[in-house]
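Comments concern the structure below.
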Amino acid sequence: MTNLGDLEIFAKVVSTGSMSLAGRALGFSPAVVSKRIKRLEDRLGTRLLQRTTRQISLTEAGQGFYDRVLGILAGLEEAEFYISGRSAQMHGTLKISAPTSFGRMHIAPHLKDFMEAHPELAINLVLTDEFSDIVGGGFDLAIRIAELTDSSLVARRLAPVRRLLCASPDYLAAHGEPKHIDELKHHRCLPAHNNDTWRLKGPDGALSLRPEGLLITNSSEVIREAVIAGLGIALRSTWDIGEELKSGRLVQVLPAYESSHNVALSAVYPSRQFLPAKVRLFIDYLAELYGPVPYWER
């Protein structure tokens, strides 16, 4: 029978992409890690890893083996959690990928309560606006705001996402409020990117328009500040401008038009038979925190 420790070493080598980093995480020397991987490959009669001086990558057989090893290790962790019955015993590191603005506004402020409830569990929160390779990057889960189509991953919906047209009262006082969607072409619009397309649903169904504006940026946060400052009309998510809508610093424009409701806030993780307890705990925490009517819309 294959040594369980060899499976743990193999999984750590894949997730870190390095035998030295895997050894450091597990308390072994690189030589010991290399020897254990070779022992595993010899026992299985196949090469699992392609090794070069610069990187380590999975073979085709190694990828299939890795996917199944993750399920085995996750199942053991779930079994231990079931027996212990005490979530405070969660340990190790939970590696999470999340969008930059959302992570800063709606994950970071709530980490304290979760980490105090699970004091032996470390959090590695990576904020990026790119879709991370969850398996290749060694992530336990990713928080995504999208219409998900990747069937190789498992997703749990955490909250609805509403995007609406908005502007500041100062802008509307100076330039007037549009009464019909066609009037947007006469206004200063603030697309999040130069080639951004606004996909909306209105009384006559779905429509797409490409707004034009004088401000060009690759930063969604710059657009947020620009619309608050009164530079134009923007399409923003309510999680991003909820406080400004409540305070009146921003008002909704053309309320009959909003973005597609197929977009949602979801927790995404690799497909496996058993979900690790630490991942399930964090997803449950976020699901309860946000809910079907998230706090930024209440």
Side-chain angles (χ1 to χ4, degrees), residues 15 74 77-78 81 84-134 137-148 153-164 166 192 219-225 227-228 236-247 249-250 259 261 263-270 272 275-298:
S15 66
E77 185 177 9
E78 180 73 14
F81 176 72
S84 71
R86 296 191 298 273
S87 61
Q89 291 188 359
M90 289 297 99
H91 60 276
T93 299
L94 181 63
K95 188 175 182 182
I96 307 160
S97 171
T100 304
S101 295
F102 186 87
R104 176 178 59 79
M105 297 175 68
H106 299 293
I107 295 179
H110 305 292
L111 288 178
K112 180 176 181 289
D113 289 343
F114 182 81
M115 295 181 75
E116 286 182 346
H118 310 286
E120 296 184 20
L121 182 62
I123 301 292
N124 181 356
L125 178 61
V126 178
L127 298 183
T128 175
D129 291 326
E130 302 295 328
F131 271 17
S132 303
D133 179 353
I134 296 179
F139 290 97
D140 293 294
L141 75 153
I143 305 302
R144 290 186 175 169
I145 302 171
E147 185 174 349
L148 300 176
L153 300 172
V154 178
R156 177 175 171 184
R157 183 184 175 101
L158 299 175
V161 171
R162 289 179 61 221
R163 298 182 76 204
L164 49 83
C166 61
S219 170
S220 180
E221 293 193 341
V222 168
I223 296 299
R224 179 183 188 277
E225 297 306 314
V227 69
I228 293 172
R236 307 300 298 174
S237 298
T238 54
W239 61 258
D240 190 38
I241 57 166
E243 291 301 317
E244 286 71 25
L245 290 172
K246 293 174 187 176
S247 68
R249 294 180 70 194
L250 291 175
S259 65
H261 292 169
V263 176
L265 175 71
S266 301
V268 181
Y269 48 93
R272 60 184 69 171
L275 182 64
K278 60 184 179 182
V279 178
R280 177 167 57 81
L281 282 170
F282 191 72
I283 293 175
D284 287 346
Y285 175 72
L286 293 184
E288 183 177 356
L289 177 66
Y290 303 145
V293 182
Y295 61 79
W296 51 80
E297 292 203 0
R298 296 173 197 157

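This structure is a prediction, so every number in the text was calculated from the model and none was measured.
- Arg236 and Ser220 share a donor-acceptor pair across their side chains, judged by distance under 3.5 Å alone.
- Side-chain contact between Ile241 and Ile228 is absent, with no heavy-atom pair separated by less than 4.5 Å.
- Counting heavy atoms from C-beta on, the side chains of Phe282 and Leu121 never come closer than 4.5 Å.
- The distance from atom OG of Ser266 to atom CZ of Arg157, rounded to the nearest 0.5 Å, is 7.0 Å.
- Between the His106 side chain and the Trp239 main chain, a donor and an acceptor come within less than 3.5 Å of each other.
- Side-chain contact between Ser97 and Ile134: absent, with no pair of heavy atoms (C-beta onward) separated by less than 4.5 Å.
- The two residues Gly103 and Leu127 make their nearest non-hydrogen contact at CA-CD2, 3.7 Å.
- Note on ring orientation: taking the six-membered ring where Trp is involved, the planes of Tyr290 and Trp296 are tilted (angle from 30° to 60°).
- Taken from NE2 in His110 to CE in Met105, the straight-line distance is 10.0 Å, to the nearest 0.5 Å.
- Heavy atoms only, all atoms of each residue included: Thr100 and Asp129 are closest at N-OD1, 3.1 Å.
- Taking all atoms of both residues into account, the shortest heavy-atom contact from Gly291 to Ala159 is O-CB, 3.7 Å.
- By the neighbour-count criterion of 12 heavy atoms within 6.0 Å, atom CD of Glu130 is sparsely surrounded, having that number or fewer from other residues, nucleotides or ligands.
- Lys246 contributes a side-chain N or O that, together with a main-chain N or O of Arg298, makes up a donor-acceptor pair within less than 3.5 Å.
- For the pair Val268 and Ala155, the tightest heavy-atom approach, listed with the atom from each and the gap, is CG2-CB, 4.1 Å.
- A side chain to side chain contact (heavy atoms under 4.5 Å, CB included) with Phe139 is found for exactly one of Leu94, Val126, Ile96, namely Val126.
- In this structure, Arg224 pairs ionically with Glu244, as a charged nitrogen and a carboxylate oxygen lie closer than 4.0 Å.
- Glu221 pairs by the side chain to side chain donor-acceptor pair (under 3.5 Å) definition with Ser101, Arg104, not counting sequence neighbours.
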Note to self: For a side chain to side chain contact (heavy atoms under 4.5 Å, CB included) check, start with the C-alpha distance between Ile107 and Phe102, then their side-chain angles and the critical distance, and finish with the verdict.
What the structure shows: CA-CA 7 Å; Ile107 295 179; Phe102 186 87; 4.0 Å; yes
Next item on the list: I would like to know whether Leu158 and Ile283 meet side chain to side chain contact (heavy atoms under 4.5 Å, CB included); could you show each step before the answer?
Entry: CA-CA 8 Å; Leu158 299 175; Ile283 293 175; 4.1 Å; yes
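- Shown here for Cys166 and Leu250, the closest heavy-atom pair between the two residues is SG-CD1, 4.2 Å.
- Remark: side-chain polar atoms of Tyr285 are not paired, donor with acceptor, to backbone N or O of Asp113 under 3.5 angstrom.
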Next item on the list: Report the C-alpha separation of Ile123 and Lys278 in whole Å, then their side-chain angles, then the decisive distance to 0.1 Å, and conclude whether the side chain to side chain contact (heavy atoms under 4.5 Å, CB included) test is met.
Entry: CA-CA 10 Å; Ile123 301 292; Lys278 60 184 179 182; over 6 Å; no
